[in-house]
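Side chains included, hydrogens not; waters and symmetry mates left out as well; all remaining heavy atoms used.
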Amino acid sequence: MLNYTLRRLLISVPTLLIISLAIFLLLELAPGDPMAQVPLTVPPEVKQKMREALGLGEPVPVRYWKWLVQFFWIEPLNMIDNIFGTAFAAGEQRVLSWQTRSPVMDLVLQRMPQTLWVVGMSYIVGVAIALPIGIYSAYKQYSVFDQAGTFVSMIGYSVPPFFSGVLVIVIFSVQLGWFPSIYDTTHRVVDWDTFVVQLQQMVMPVMVLALQTTAQISRFMRASMLDNLNQDYVRTARAKGMTEQVVVMKHVLRNSMIPVVTVIALGVPGIFGGAIITEQVFKVNGIGQLLITAIQANDLPLVQTLTFIFAVLIVAFNLIADILYGILDPRIRYD
Amino acid sequence: MTDRPHPEDVPVAGDETAPVIHNPVGAAQPVGRAIRPPRSQWWDVWDQFKTHKGALMGAAFFVFILVAVAIGPLLWTIDPTYIDIRARNTGPSLAHPFGADQLGRDMLARMLEGGRTSMAVGLTAMALALGLGTLVGVLAGYFRSLDGPLMRFTDLFLALPLLPLLLVMVMLFRDSLRSAIGPETGIFLLIVIGIGITSWMPTARIVRGDVLALKEREFVLAARSIGTPSRRMITRHILPNVLSPIMVSATLGIANAIITESALSFLGLGFPSDYPTWGSLLRDGTDYLQQHPERVLWPGLAISLTVLSVNYMGDGLRDALDPRIRGR
Amino acid sequence: MKLKTLLMGAAAATALSPAMALAEAHEGERGRDGQLNIIYWQAPSTLNPFLSGGTKEVESASLVIEPLVRFDENGEMVPWLAESIPTVENGGVSEDLTTITWTLKEGVMWSDGTPLTAEDAVFTWEYCTHPEGGCAQASYFDGVSSVEAMDDRTIKVTFNAPKPFPYTAFVGSESPIIQKAQFADCLGARAPECTDANFGPIGTGPYKVAEFRPNDVITFEANEMFREEGKPAFATVTFKGGGDATAAMRAVCETGEFDYAWNLQIDPTVRADMIESGGMCTEVVAFGTSVERLHLNQTNPSADLGEARSTVEAGPHPFLTDPIVGQAMSMAIDRQLLVDIGYGSGGTVTCNVLPAPPAYASTANDDCKVQDIEGAKALLDENGIVDSDGDGIREYEGTPLKVLYQTSTNAVRQDTQALIKQWWTELGIEAELRNIDASVFFGGDPSSPDTFQKFYADIEMYTNNFAGVDPEAYMANWRCDEIPGPGTQWQGSNIQRFCMEEYDALVDQMAQTAGLEARAEIAKQMNDMIMQSYSIIPLIHRGGVSAHANSLGGVRMNDWDSEIWNAKDWYRTGE
Amino acid sequence: MLDATPRKKLVEVRDLKMHFPIFAGILRRRVGEVKAVDGVTFDIYEGETLGLVGESGCGKSTCGRAVLRLYEVTEGSITIDGTDIADWSPEELRKMRPTMQMVFQDPQASLNPRMTVANIIGEPLDEHRALSKKERLDRIYELMDHVGLNRDFANRYPHEFSGGQRQRIGIARALALNPKFIVCDEPIAALDVSIQAQVVNLLEDLQNEFGLTYLFISHDLSMVRHIATRVAVMYLGKIAELAPREALYDEPLHPYTQALLSAVPEPDPALEAKTERIILKGDVPSPSNPPRGCNFCTRCPQVMDVCREVDPEFREVRPGRYVACHLYADTKSAAAPNAARSTRQPSEPLRE
Amino acid sequence: MPDGAAPVLDVRDLKTVFLTRSGEVHAVNSVSFDVRPGELLGVVGESGSGKSVTMMSLIGLLPSPPAEVREGQVLFGGRDLLSVDADTLRHIRGGRIGFVFQDPMTSLNPVFNVGFQIMEPLRTHMGLGKKAARDRAVELLELVGIPDARRRLGDYPHQFSGGMRQRVMIAIALACDPEVLIADEPTTALDVTIQAQILELVKELREKLGMAIVWITHDLGVIAGIADRVMVMYGGQVVEQAPVRELFGNPRHPYTRALLKTVPHVRGERAKRLEVIQGQPPILGAPPDACPFRDRCDHAFDRCARENPQRRPVGHGHDVACFWDPAHDG
């Protein structure tokens, strides 16, 4: 197991390097210009100077190397400095966003809470709703509940969030006035009332996103349960005189959860990147919104760092999924 | 032989038409009887598929949409770009059954035109993703020496953050492609290729898994013992047997591509607004949600119902193609 | 209308203190009205307007840092940090028009409690003109040879040539004064690294930055050191960014979550509907100098010409250099309809590329305001530009009138394109539409073929304007030597490649003319010259549209300066 | 006992080894191997049936497949019809394929579910014979007749058939190219009792008709006794004992063979009651980590010290009887003086 | 075994039907049998003969749908198991009737250790505490011959060999001292040497514990070795039933006779050629109104096609469902 983990870790290093290079080269091809937002009145010479100030003058390999050093060495040092108050990275050039001229990592950290609150919560809610639906649908296969569950989850999958999002805003914000249509990222939860406010502003984005998560996970859970319900060991458990509850919720569920848990783990990175549209609709200015503004503003360092962070998350959660699989399933022996 | 009381085993053999019951082997056979034409297994699949009501309705709707967007513009001949300014922002009427948009363009015509694009994107992107996925999956599964590199490659792609990457790609190449191949085909190709090359990996993994399992099946070994070369081994024995997961992937692929295209349109990175797709119609319509709900209703329904129908088809296919479930 | 007051009236403005302008203003304690919520659907990425010239950055910063003078909603100058507006008459501007001397108001404090001095202005000049700094507003210091602090409150700006209109440096929200103490270490190449300063500039304005989240939200609080008693009325301001215009408007007009929404460029019918159905907000509009126009390529953009396409070397355009064609194209356009569909109250029909200030607006071309397709057809027919091969497209000396019509990607522009295309089709001119992502189109990347400067098309459409109220630099855009080309890395502002000696002569003449009336005369002459060449077809005079909650008082919409220029005067009404 | 005229050896297998590597560790280094077949030597004479028996996992199927070169063999030689094919490339082997064919264990799995019976039986013909459509169909019908399948079923799919019929299809396919040698890999293991006899009889009939040579792999000792001429008993990748059928069943020499035979239950209560069972203790060791010395030493009821140290040689201890066991060291082999100790050739098979 | 003792399990006229898309499949047709305390009843038949389905039907282990127990009575401990409530049935299952299945690989839950799986019925049915259950589990593992029992409680099924796993299954089935143990092809998936071990174990356990056993198999050899009484099933019904020596010595039904001839022997006389039963076992789409074996029977005559023969006693505790009498034509 340890060996396996180490091996996977080792493999992920070249994987990540290749990904970072691929992203870098891809962005290198970008026809856009970071000066696009600068008004037409700014003279070209000034624009040229501004471009150079962004480091655009240097050759590609140099910039790539610089970025690697900044990302893998200076940023971690900075993190340490922040936590322990040391000064390892003092004076080192960090990865700077072209658009805001501030360190990219600061931006990312700033956006993290919203994303975690809303998108993370929606994932949790989605999974929490999905599992019972999946379990019950499988147990009562082809029942009315199963059919309805299938239908609802298909709907959840089929309706694009930018449609459902606007729809719920019009209904719940405009018509009924229950929830705010604009998410307040500066809101701090300090007491019960502020907590209620936080809940109110989270309800709609969380539900819209959770609908999609629920759709996917419940289908998966159902399939996994169905696979296991036909297994011989279920018959054994029944033959032992176990109650249906024990049979389903203990014997079958435990086995069915193995693939589902890994799927859930694999879905986590999607939290950070996949909610771009929902964040846009509800103005939850999280990581996804950061990325889309960066793309629109041709903020290449930010785009690159963000996409790369997504890649790191994906690789990391792949690893976690594999390890979870090993932990949950005693049959798996990695060596 | 084992005696498994598994309910699934019993009925398969219980098929009334199977020779199992009425024609025991070894018995003298009447000579000269007409040889039955091959009854392909696909008929059985169809039989099973027919029993899945959702799938059947889904398929019917999907075919309806396909036909509608294919021949609809021939019947409803209003030019989707024609501006009838007096009709701007009108609701459904005889002249404009689906209403007209803010420039007075006919929504029905635009829906049909948009449907063409969306369906074309869905189908071609799916075909591309499937082709790539199947190719990689079959090669990786079949040739041991390619397995490692190809699967690493697949992992690499899986590790790329897809939606962001797709956005970046569209942003990067949109205009160069547009100028190179033309405004419509350029963006079409870009989106199709973009969606295609960012969504082949699950298919590749599934196909590889199935091929690996198939390779262990004795009929592959049997073909090897006959001396069937790899090329024919793949076309004759491997591909036909991995068709089921591929077909299920196909349905999901269409749905996925349609949704992704509409998401790109929503973010303003898909087809430009002068080129209607369901996604861009929906995006444009959301602004008018309160004033002219039909503006979002039509594209919203079209996308949702198409994806829904395709999903149900996939569900039905999955059941129909699963020999364990077939016959239940 | 206010021809006289436009500039001369500056002196009068000194007498008109801002407080008096709002005589009815609610008086009271600073911060009494609690929280103000502003939504800009594009979020500011920095609060240093010198590092990013976007409207969202400049306007959000205008709550904090201030210039010497602002323009009010009529384009008139209002002394802000300056005590008064220097003129030749009051001796503030030297006779030879090469210096201008400003005096700071007394007792102005930075929000950190230190006094504002002339040194800060000098530093601001150094900061923005540093060759490595990449200052986005450097053009405001064009021609400035030095800025000196004569004493703590006196600033002397010297120009290297006579400057008939010297109110550029430190004037308007795009040229504010920053604190030397804060930015001293941020000169030149280090400018971008001073994140703390760029995200939280210390200012003299009504608010100070409490928290800045790039591209997301800014929280301001009332500046305790603000020089005016009892202002601002709000204790805190939330300046939210992100989303889209419809959502922003919805938040003000339908759900009431916000008090002020900026730049509501959405379908006018939707806008009207929201205002009506919600009943919570008021729409405010202000017009500046923005004109949505068509540029007709005067050079040959044919791809066959390779590198030479769309340059002077390529030779003249096969038909667009003939004003008859341009005139017919212009006549075929129903500008009012374009306004109705795309702009509503946020636009008016115009026939000038220089539509404002009113003193500069020509009336010589107003015929274009009414669509006349039949007239256009007749005009073409008369001049022998007819459809000779029966394919529905007219030919000009054998060349069919087919144009490639490009613009940036934007829903309203695409609607406009579609409409114009239809009218031209009726006229017998075929248009192929093309739209390019704004970041590419306006990106100015010399290697991209799709920038508006390269103009690899026959017609392109966009909006341009000029900052401030003086059109001299703007009109100089169309000099022959401003034509972009490979020699200048495609830099240059004469996008349609218009070239006329008489025009260049007028530009030179204007640079020498000080009298405002005379300047206006010349400007109109130049405008008409371009209009009659039909190398530019103006479409719409665009204004800014914003909305504020009915409970927000004191809003004076302004397109000459930051539109929240007078946020210090805003207050909560009883509603 | 010995026949005067030596019969032709069709298959000679010498010291065949099939090792599958095990990779482990962070760098996926090769850390060991599964010795599925570990030095197996036997001959098969033309027209005879060599039974290969053993328990699951003993390597008998791997051995059968390796003989047909469906695997790359690790070591050893395989001579079929006079040519050593152990190192041949797939292209060279292709030419050899018509001579040697295989019948598989699971008639369900060994038929491509997406092909019709005619196409399955016709596949070898497509690959190796250039026949016209008509000739091909005629040949297919002929084969179907041979194995007792109704011609009407030619266009049906395998799933429409019962297990026994499917196995007939598999046999027809194996026969298509007129092979000399057929490896039958547990051909009856997946069939019902009443069907097993049908298939075994068919195999016997075909052998008589076409002079086929079989390597009959099975775990069913009673069926092997019925069909085989000589029998080899495998244990953990090695042949423990090889002997003519009668000799082996009457007087098994190797302790493993003895235990194995005694464990087979008889459908006769009277006989059952009399049978003295040798119950082996424990399980078969893993082929990736076989015990030192004799690989049966961990379970052998007659284990000696030497067994734990020295791997016994597989040698002829009586005429035609080969055993790998220390119990039959020198003294007993000396008792069979006419067995040439130098040679490792099994002698003549016994024919009835 | 005492012939007169009251049966511990008495099954009467059991009918089970599978509802499938292509119609009903009559898997069990009027099966009646009984088992007496301490007796080992062997049930022989090919796949599809209904032997497993019969046993599963008894205690409600068949999934429904598609299975449906149509008719019959299953008398156990004075109650009809087909009509008791689910909870009672559940307590009988596992508590008083133990089950061993064919494939020890898939029949154990792979994600729980064997200790848990053995202790589960102990705690449910006998209400043992954790400690007591654990001790009992160790006892059981030792009983079925698993060395180092206490340590191995924490092991997972995949860490056991096939034979050991089947021993675990037996331990689970025996956990609550059942009155009846139903073993469904428990040695089919095992090698002969391992099968011999298990058979030996079962014989030992029988002596030690004295429960009744129903042993389902298709292997006549296994039956001959351990059964007291044998029941032969074909086409979903019992065609013949007799004490073991009587059945092997004097088979009456043509099917039983053919079956005995068709299998080769490892000892004794070697048959030159195997006897063959032509054709395939039937799958019944309707309740049989004729003898299900008639198509394959060498002795079939008109009546066999008209009427389904009922079981009739022929002496020596032997009964057979056939119209043909071997005494008549030798």
Side-chain angles (χ1 to χ4, degrees), chain B residues 1-3 9 12-13 15 17-45 144 148 213-214 216-230 232-233 236-244 321 323 326-327, chain D residues 65 68 70 90-91 93-98 100-102 104-116 118-120 123-124 126-128 147-165 168 170 173-174 176-177 183 185 189-193 195-196 198:
Chain B
M1 181 48 193
T2 60
D3 188 347
D9 286 350
V12 177
D15 187 347
T17 60
V20 177
I21 300 170
H22 303 295
N23 299 298
V25 278
Q29 301 294 338
V31 192
R33 254 177 56 193
I35 290 171
R36 238 176 47 157
R39 177 182 156 87
S40 149
Q41 265 187 302
W42 296 114
W43 281 109
D44 292 352
V45 171
R144 197 185 255 274
L214 272 178
E216 297 303 310
R217 291 277 288 278
E218 282 183 335
F219 69 82
V220 173
L221 208 60
R224 286 243 307 278
S225 76
I226 286 164
T228 308
S230 296
R232 276 197 290 283
M233 192 80 104
R236 191 184 289 157
H237 296 289
I238 302 286
L239 275 183
N241 284 293
V242 291
L243 260 182
S244 4
L321 291 168
R326 188 159 67 227
Chain D
R65 291 171 187 190
L68 285 191
L70 295 176
E91 290 74 37
L93 277 170
R94 200 172 130 78
K95 283 178 249 132
M96 195 68 190
R97 290 287 174 213
M100 46 189 202
Q101 284 293 312
M102 189 158 180
F104 292 88
Q105 169 178 0
D106 186 346
Q108 163 98 49
S110 65
L111 306 177
N112 185 342
R114 304 260 185 250
M115 282 165 82
T116 61
N119 283 335
I120 289 171
E123 192 185 0
D126 299 342
E127 288 297 333
H128 294 280
V147 299
L149 279 173
N150 188 338
R151 288 182 174 202
D152 289 358
F153 299 159
N155 283 331
R156 295 198 178 180
Y157 288 87
H159 70 103
E160 296 178 76
F161 292 86
S162 69
Q165 285 169 313
R168 285 166 196 265
R173 170 175 60 190
L177 297 168
V183 173
D185 184 6
L191 302 178
D192 260 330
V193 195
I195 309 299
Q196 286 183 352
Q198 295 177 5

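Rounding to the nearest 0.5 Å gives a distance of 5.5 Å between CZ of Arg114(D) and CG of Asn241(B).
Salt-bridge check for Glu218(B) with Arg65(D): passed, with a basic side-chain N closer than 4.0 Å to an acidic carboxylate O.
Interface remark: Pro124(D) contributes backbone and side-chain atoms alike to the contact with chain B (heavy atom separation under 4.5 Å). The parts of Leu70(D) that come within reach of chain B are both its backbone and its side chain, each placing non-hydrogen atoms under 4.5 angstrom from that chain. Using a 4.5 Å cut-off between heavy atoms, Arg236(B) touches chain D through backbone and side chain atoms alike.
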- Message: Evaluate Ile226(B) against Arg173(D) for side-chain contact (heavy atoms from CB on, under 4.5 Å), listing each step before the verdict.
- Response: CA-CA 9 Å; Ile226(B) 286 164; Arg173(D) 170 175 60 190; 3.6 Å; yes

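Legend: residues meeting side chain to side chain donor-acceptor pair (under 3.5 Å) with Gln101(D), ordered by chain and number and at least two apart, are absent. With sequence neighbours left out, the side chain to side chain donor-acceptor pair (under 3.5 Å) criterion links Gln105(D) to no other residue.
Per-residue counts of heavy-atom pairs under 4.5 Å with chain B were compared for Arg94(D), Met96(D), Glu127(D); the largest is that of Glu127(D). The greatest number of non-hydrogen atom pairs below 4.5 Å with chain D, out of Ser230(B), Ser225(B), Ala222(B), is found for Ser225(B).
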